[in-house]
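The next block holds one structure in the form of structure tokens; read it before the comments.
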Amino acid sequence: MLERIITQPDNYEPFLLSQAIKLGDLLFVSGQAGAGDDGKIVDGGFRAQGEQAFANLKRVLDAGGSGLDAVVKVTIFVTDMGNFNEVVDLRRRFFSAPYPADTIAEVKALYDPAAMIEIEAIAAVRPHAGN
């Protein structure tokens with residue numbers, strides 16, 4: 001059975017998206033960008049957006065009974081591969097060994113012209129989470 005994971009505020013609702021879907025022992029998290037609670041991309045450049053995107057990812061993972069330490073696969077979209085070393089630094093800060101499988105891809109644009117990074121993930125759900 002599919003279970004929709006929602007955190008507040010839910011900036012995804014207007015776009016007919018779920019923040020995450022739990023299916024059995026897996027959590028599938030939609031792309032998390034560097035948007036603040038107001039839904040607007042945070043100021044401060046790539047690093048600030050990356051930190052906010054990881055904070056948003058963590059919030060959804062926690063709500064789904066998982067966590068950053070349970071991510072098994074992550075896909076990171078950036079609008080400029082020139083930020084690759086910053087992505088590695090962010091991964092080092094927010095993930096730990098064994099590091100998740102990862103794809104980093106440069107894309108022409110994301111959902112908001114100001115967005116420079118978006119992170120989606122698949123994570124294991126902790127046993128008895130939310131029970």
Side-chain angles (χ1 to χ4, degrees):
M1 174 188 273
L2 301 178
E3 178 186 345
R4 183 176 178 201
I5 305 301
I6 301 170
T7 66
Q8 296 300 327
D10 183 0
N11 297 321
Y12 289 66
E13 182 63 33
F15 304 104
L16 307 178
L17 301 173
S18 295
Q19 292 179 39
I21 294 288
K22 187 186 301 186
L23 176 63
D25 294 334
L26 292 176
L27 187 65
F28 298 84
V29 181
S30 291
Q32 302 294 311
D37 286 349
D38 62 0
K40 295 181 180 168
I41 299 299
V42 298
D43 293 329
F46 184 85
R47 184 61 176 230
Q49 286 191 31
E51 289 176 358
Q52 184 65 53
F54 269 98
N56 294 341
L57 176 62
K58 181 183 183 312
R59 179 170 50 190
V60 177
L61 289 166
D62 290 346
S66 188
L68 289 170
D69 62 332
V71 172
V72 295
K73 172 69 170 89
V74 65
T75 305
I76 302 174
F77 301 100
V78 296
T79 56
D80 181 354
M81 197 57 83
N83 291 310
F84 181 81
N85 289 333
E86 289 283 336
V87 173
V88 174
D89 287 344
L90 288 163
R91 285 178 43 81
R92 184 178 295 113
R93 178 173 170 199
F94 290 98
F95 293 130
S96 57
Y99 293 98
D102 190 346
T103 299
I104 300 174
E106 181 179 294
V107 295
K108 181 177 178 180
L110 294 165
Y111 76 99
D112 182 315
M116 295 184 269
I117 183 170
E118 188 168 336
I119 307 165
E120 66 179 28
I122 301 170
V125 175
R126 294 190 174 101
H128 309 295
N131 292 338

- Note on the structure: The reported gap from CG in L26 to CZ in F28 (rounded to nearest 0.5 angstrom) is 4.5 Å

- Task: For side chain to side chain contact (heavy atoms under 4.5 Å, CB included), just list the numbers for V74 and E120, CA-CA rounded to whole Å, side-chain angles, deciding distance to a tenth of an Å, and then say yes or no.
- Result: CA-CA 6 Å; V74 65; E120 66 179 28; over 6 Å; no

- Query: Charged N to carboxylate O below 4.0 Å: is that the case for D69 and R126?
  - Reply: yes

- Do you know which of R47, R91, Q49 makes side chain to side chain donor-acceptor pair (under 3.5 Å) with E86? R47

- side-chain hydrogen bond (donor to acceptor under 3.5 Å, both in side chains) contacts touching residues 33-45 (sequence neighbours left out): D37-R59

- Query: Do the side chains of R4 and S18 get nearer than 4.5 Å, heavy atoms only?
  - Reply: yes

- Query: Any sub-3.5 Å donor-acceptor pair from N56's side-chain atoms to A35's backbone N or O?
  - Reply: yes

- May I ask whether M116 and I76 are part of the same hydrophobic cluster, defined by side-chain heavy atoms of I, L, V, M, F, W, Y residues being less than 4.5 angstrom apart, directly or through others? yes

- Item | Pair L57-V29, side chain to side chain contact (heavy atoms under 4.5 Å, CB included): steps then yes or no | CA-CA 8 Å; L57 176 62; V29 181; 3.8 Å; yes

- Query: Hey, does L27 have a side-chain heavy atom less than 4.5 Å from the side chain of S66?
  - Reply: yes

- Item | Check against side chain to side chain contact (heavy atoms under 4.5 Å, CB included), L61 and V71 | CA-CA 9 Å; L61 289 166; V71 172; 3.7 Å; yes

- Query: How about V125 and K22: do any of their side-chain heavy atoms sit closer than 4.5 Å?
  - Reply: yes

- Query: What distance separates D80 CG from N83 CG, expressed to the nearest 0.5 Å?
  - Reply: 5.0 Å

- Message: Does this structure show an ion pair linking K73 with D102, if we count only N-O contacts that are shorter than 4.0 Å?
- Response: no

- Note on the structure: By salt bridge (Lys or Arg N to Asp or Glu O under 4.0 Å), D112 pairs with (sequence neighbours left out) none

- Item | Residues E51 and R93 bridged, charged N to O under 4.0 Å | yes

- Query: Same hydrophobic cluster for L90 and L68, using side-chain heavy-atom links shorter than 4.5 Å among ILVMFWY?
  - Reply: yes

- Task: Give a yes-or-no answer on whether the side chains of E106 and T79 include a donor-acceptor pair shorter than 3.5 Å.
- Result: no

- Query: Just by modelled atom types, is the T7 backbone N or O under 3.5 Å from a matching donor or acceptor in the Q19 side chain?
  - Reply: yes

- Cluster overlap F84 with Y99, hydrophobic side-chain contacts below 4.5 Å: yes

- Taking the six-membered ring for Trp, is the centroid-to-centroid distance between F54 and F95 below 6.0 Å? yes

- Item | Joint hydrophobic cluster, F94 plus F46, side-chain heavy atoms closer than 4.5 Å | yes

- Task: Flag the pair V60 / Q32 as yes when at least one side-chain heavy-atom distance between them is below 4.5 Å, and no otherwise.
- Result: yes

- Any chance you could lay out the side chain to side chain contact (heavy atoms under 4.5 Å, CB included) test for V78 and V107, step after step, and finish with the verdict? CA-CA 6 Å; V78 296; V107 295; over 6 Å; no

- Message: If hydrophobic clusters are built from ILVMFWY residues whose side chains come within less than 4.5 Å, do I117 and I122 share one?
- Response: no

